[in-house]
Amino acid sequence: MTSSKNSEDRKGLQKMTQALNFVAGAGALVLLTGCIEDTGGSASQLPLAPGSPPFITTMGPDVTQAAIDSCRAALDAATNGNVIVVGGETSRAATAIYMRVGANGAPWRCLVSPTGRKPSLMSMGDEGAA
């Protein structure tokens, strides 16, 4: 009877240890999330130039795939590629597509018609900061 009791005690102790390890890990995670600073990009991304228009990182519901494809193709042709579309918005005048390019995540904006005609590229990066 004593060995059965010892076995139950060990199992109970193991469960308690697992629970305490979980709680300690979760607590450490909560504490570490307070150490994260959101600067609008990763440490390796080129910052926006001073006075740049806002850099949109959400996709508006009216942004067309034709506009995205046209801007991506234009920027691919103008750079070494590695283009990532990060956002877009529409207005009465044009559709704006926001992209990052290359290893340093250089910010670019493309103004284009909703049908993808006449993409116009603009670098938004602060090259003096690199």
Are [Y] and [X] connected in a single hydrophobic cluster, I mean Ile/Leu/Val/Met/Phe/Trp/Tyr linked by side-chain heavy atoms less than 4.5 Å apart?
{"X": "V86", "Y": "M124", "result": "yes"}
{"X": "V63", "Y": "W108", "result": "yes"}
{"X": "L48", "Y": "I84", "result": "yes"}

Heavy-atom pair of closest approach, residues [X] and [Y]:
{"X": "L121", "Y": "A78", "result": "CD1-CB, 4.0 Å"}
{"X": "P114", "Y": "A66", "result": "O-CB, 3.9 Å"}
{"X": "V83", "Y": "M99", "result": "CG1-SD, 3.8 Å"}
{"X": "S70", "Y": "V112", "result": "OG-CG2, 4.0 Å"}
{"X": "T95", "Y": "A67", "result": "CG2-CB, 3.9 Å"}

Step by step, would you call L75 with V101 a side chain to side chain contact (heavy atoms under 4.5 Å, CB included)? CA-CA 8 Å; L75 194 52; V101 179; 3.2 Å; yes
Residue pair E89 / Y98, side-chain heavy-atom distance below 4.5 Å: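 With C-beta onward as the side chain, the pair touches.
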Nearest 0.5 Å please: distance from the CZ atom of R100 over to the OG1 atom of T57. 9.0 Å
Evaluate the criterion side chain to side chain contact (heavy atoms under 4.5 Å, CB included) for residue pair R72 and I97; output intermediate values, then yes/no. CA-CA 9 Å; R72 180 182 283 146; I97 304 296; over 6 Å; no
